[in-house]
Amino acid sequence: MRKMLSSGVCTSTVQLLGKVAVVTGANTGIGKETAKELAQRGARVYLACRDVQKGELVAREIQTVTGNQEVLVKKLDLADTKSIRAFAKGFLAEEKHLHILINNAGVMMCPYSKTADGFEMHMGVNHLGHFLLTLLLLEKLKESAPSRIVNVSSFAHHLGRIHFHNLQGEKFYSAGLAYCHSKLANILFTRELARRLKGSSVTTYSVHPGTVNSELVRHSSVMRWMWRLFSFFIKTPQQGAQTSLYCALTEGLESLSGNHFSDCHVAWVSAKARNETIARRLWDVSCDLLGIPVD
Ligand SMILES: NC(=O)C1=CN([C@@H]2O[C@H](COP(=O)(O)OP(=O)(O)OC[C@H]3O[C@@H](n4cnc5c(N)ncnc54)[C@H](OP(=O)(O)O)[C@@H]3O)[C@@H](O)[C@H]2O)C=CC1
Ligand SMILES: CC1=C(/C=C/C(C)=C/C=C/C(C)=C/C=O)C(C)(C)CCC1
């Protein structure tokens, strides 16, 4: 059963000397393991974390394990657009290139709350925060092409809907479903971004990492209990990082830009996730909410 739930290994041997990567939410779980492997392959890796102290501890650990000293920590709170803009400004001033952006950070099942800008927390952090971050870094990714953007979504998107009349959960709210909606938004964003980036040599992929033993379940006592009980059967964070790494590293994946991956294979997404009209509308609404000119 463990083997069935833990399949999918990134077998790419690509080395990353001279390459630059950013991983959001890299201080724990899947993000930490993703960052570690990118550092192992020689990349300069930015750990984009909301808690810089936690990030620094992990950076030291990765430096020790991999021998790569180019592991850097930068403050990024995706629940605050000021912090996202400050992160991007600092990064763009410091770095000539960006080859790999892994939009990995996420929250699940948190009680109803809002980001600094008044967005519902799941939609704000998981979708809008990464949407803004990506657009702010997009010119750098284009200048550094071939480059890749990986958006960590989930099979939970199958239960998601984009309620444009209730995007901030003010009319009705379910913590579980709010997570699913935001993960659907990750896939719609990936598909629309891929469409817009055609011909640029910047490619993008969405990922379901599997069911992974991480801190994601911190807001649900039932899930924490389940994770403890089934910890032997679910993926380790290192196994959970494989599909993100596969999409970031595997040669010849460019023609599959916009696709969704699970266990290092293309995976089916829901009908809602394939709806181009919803994807375009979500893009425009996201720009409006973030004060970005709609093109
Ligand atoms: N675990 C699983 O079974 C599955 C996970 N996923 C997805 O994988 C991704 C990684 O999750 P996973 O490693 O499991 O979970 P973890 O909770 O272990 O890690 C989540 C990371 O996101 C960070 N984060 C949360 N909020 C913010 C914020 N406002 N600004 C910046 N960073 C933030 C956390 O930082 P901090 O430590 O400071 O809280 C942490 O580093 C998520 O997108 C999740 O939706 C998808 C399907 C299944
Ligand atoms: C039924 C069942 C399980 C439950 C899986 C669940 C509930 C997965 C939820 C995943 C989430 C929340 C993903 C987030 O994106 C286990 C533990 C694998 C053990 C085998 C039987």
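When reading the values below, keep in mind they use all heavy atoms of this one structure, side chains included, and skip hydrogens, waters and symmetry mates. Just so you know, ligand 1 is whichever comes first in the structure, and atom 1 is the first atom listed for that ligand.
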Looking at ligand 1, would Lys54 count as a contact under a 4.0 Å heavy-atom criterion? yes

Per-atom filter on ligand 1: closer than 4.0 angstrom to a heavy atom of Ala79 are 29 (N)

Any idea which atoms of ligand 1 are less than 4.0 Å away from a heavy-atom of Val107? 25 (C), 26 (N)

Which atoms of ligand 1 sit under 4.0 Å from any heavy atom of Asp77? 28 (C), 29 (N), 30 (N)

Within reach of ligand 2, part of Val217 (heavy-atom separation under 4.0 Å): neither

Would you please determine whether Arg218 falls within less than 4.0 Å of ligand 1 on a heavy-atom basis? yes

One finds that the ligand 1 atoms under 4.0 Å from a non-hydrogen atom of Gly210 are 2 (C), 3 (O), 4 (C), 47 (C), 48 (C)

With a 4.0 Å heavy-atom cut-off (strictly under), which part of Phe230 contacts ligand 2: side chain, backbone, both or neither? side chain

Taking atom types as modelled, is there a side-chain donor on Asp77 or Ser83 under 3.5 Å from an acceptor on the other? no

Can you find a non-hydrogen atom of Ser153 under 4.0 Å from ligand 1? yes

What I'd like to find out is whether the side chain of His130 reaches to under 4.5 Å of the side chain of Leu78, using heavy atoms alone. yes

When only distance counts, is Leu78 in polar contact with ligand 1, meaning an N/O pair under 3.5 Å? yes

Would Glu215 count as a polar contact of ligand 1, with the cut-off being nitrogen or oxygen pairs under 3.5 Å? yes

Record the part of Met223 in heavy-atom contact with ligand 2 below 4.0 Å; permitted values are side chain, backbone, both and neither. side chain

Please check if any side-chain donor atom of Thr66 sits under 3.5 Å from a side-chain acceptor atom of Gln40, or the reverse. no

Atom 9 (C) of ligand 1: which protein heavy atom is closest, and how many Å away? Asn104 O, 3.0 Å

So does Lys74 have more than 12 non-hydrogen atoms from other groups sitting under 6.0 Å from NZ? yes

What about the rings of His181 and His157, do their centers lie closer together than 6.0 Å? no

Do the side chain of Lys19 and the main chain of Ala43 share a donor and acceptor less than 3.5 angstrom apart? no

N/O to N/O below 3.5 Å, does that happen between Gly25 and ligand 1? yes

Looking only at protein heavy atoms, identify the closest one to atom 13 (O) of ligand 1 and say how far it is in Å. Ile30 N, 2.9 Å

Under 4.0 Å, counting heavy atoms only: does Met108 come that close to any atom of ligand 2? yes

contact_flag Lys235 ligand 1 heavy-atom lt 4.0 Å: no

Modelled atom types, side-chain donor and acceptor of Lys272 and Asn275, under 3.5 Å: no

Could you tell me, atom by atom, which parts of ligand 2 come under 4.0 Å of a heavy atom of Met226? 4 (C), 7 (C)

4.5 Å side-chain heavy-atom contact, Gln238 and Lys36: no

Is any side-chain heavy atom of Arg85 closer than 4.5 Å to a side-chain heavy atom of Leu132? yes

Numbered atoms of ligand 2 (with element) below 4.0 Å of Ser154, judged on heavy atoms: 13 (C), 14 (C), 15 (O)

With a cut-off of 6.0 Å (strictly less than), are more than 12 heavy atoms of other residues, nucleotides or ligands near CG of Leu17? no

Counting each atom of ligand 1 from 1 as listed, which ones have a heavy atom of Thr211 under 4.0 Å away? 3 (O)

Which option out of Arg50, Met223, His130 puts a heavy atom nearest to atom 39 (O) of ligand 1? Arg50

N/O to N/O below 3.5 Å, does that happen between Tyr179 and ligand 1? yes

How close do Cys110 and Met121 get, heavy atom to heavy atom, and via which atoms? SG-CG, 3.8 Å

The atoms of ligand 1 lying under 4.0 Å from a heavy atom of Val152, numbered in the order shown, are 7 (C), 8 (O), 9 (C), 43 (O)

To which protein heavy atom is atom 20 (C) of ligand 1 closest, and what is the distance rounded to 0.1 Å? Gly106 O, 3.7 Å

When you check the side-chain N and O atoms of Tyr112 and Glu170, is any donor under 3.5 Å from an acceptor? no

Just to be sure I read this right, does ligand 1 sit under 4.0 Å from the backbone of Lys32, its side chain, both, or neither, counting only heavy atoms? neither

Could you verify whether a donor N or O on one side chain and an acceptor N or O on the other, from Tyr246 and Ser244, lie under 3.5 Å apart? no

Does NZ or CZ of Arg196 come closer than 6.0 Å to the centre of the six-membered ring of Trp283, within 45° of the ring's axis? yes

Might you point out which heavy atoms bring Gln168 and Glu120 nearest each other, and give the distance in Å? OE1-N, 2.8 Å

How about Leu249 and Arg41: do any of their side-chain heavy atoms sit closer than 4.5 Å? yes

Quick one: nearest non-hydrogen protein atom to atom 2 (C) of ligand 1, plus distance? Val212 N, 3.5 Å

Checking a contact table here: which protein heavy atom is nearest atom 37 (O) of ligand 1, and how many Å away? Asn27 ND2, 2.8 Å

Kindly assign one of parallel, tilted or perpendicular to the pair His163 and Phe172, based on the angle between their ring planes and the thresholds 30° and 60°. perpendicular

With distance as the sole criterion, is a donor-acceptor pair present between the side chains of Asn151 and Ser206 under 3.5 Å? no

Of the backbone atoms (N, CA, C, O) and the side-chain heavy atoms from C-beta on, which set of Leu76 has a member under 4.0 Å from an atom of ligand 1: side chain, backbone, both, or neither? backbone

Less than 3.5 Å between some nitrogen or oxygen of Cys49 and one of ligand 1, yes or no? no

Candidates Thr28, Leu216, Asn213; heavy atom nearest atom 11 (O) of ligand 1 found on Leu216

My understanding is that we take every heavy atom of each candidate and find the minimum distance to atom 18 (C) of ligand 2. Doing that for Val152, Asn213, Ile234, which one comes out nearest? Ile234

For ligand 2, which atoms, with element, lie under 4.0 Å from some heavy atom of Tyr179? 14 (C), 15 (O)

Short N/O distance, under 3.5 Å, between Trp227 and ligand 2? no

Counting only nitrogen or oxygen atoms and a 3.5 angstrom limit, does Ser154 reach ligand 1? no

Are the side chains of Asp80 and Ile84 in contact, using a 4.5 Å heavy-atom criterion? no

Below 3.5 Å, N or O to N or O, backbone or side chain included: is there any such pair between Pro209 and ligand 1? no

List the closest protein heavy-atom neighbour of atom 14 (O) of ligand 1: residue, atom name, distance to the nearest 0.1 Å. Ser214 OG, 2.5 Å

Tell me whether Phe155 reaches ligand 1 (any heavy atom closer than 4.0 angstrom to a ligand atom). no

Which of these, Gly29, Ala105, Ala116, has its nearest heavy atom closest to atom 33 (C) of ligand 1? Ala105

Is any side-chain heavy atom of Leu76 closer than 4.5 Å to one of Arg50? no

Sub-3.5 Å donor-acceptor pair from the side chain of Asn104 to the main-chain atoms of Val152, do we have one? no

Polar contacts were defined as any N/O atom of the residue lying under 3.5 Å from an N/O atom of the ligand; does this apply to Val125 and ligand 1? no

What's the shortest heavy-atom distance between Leu98 and Leu141, and which atoms? O-CD2, 3.5 Å

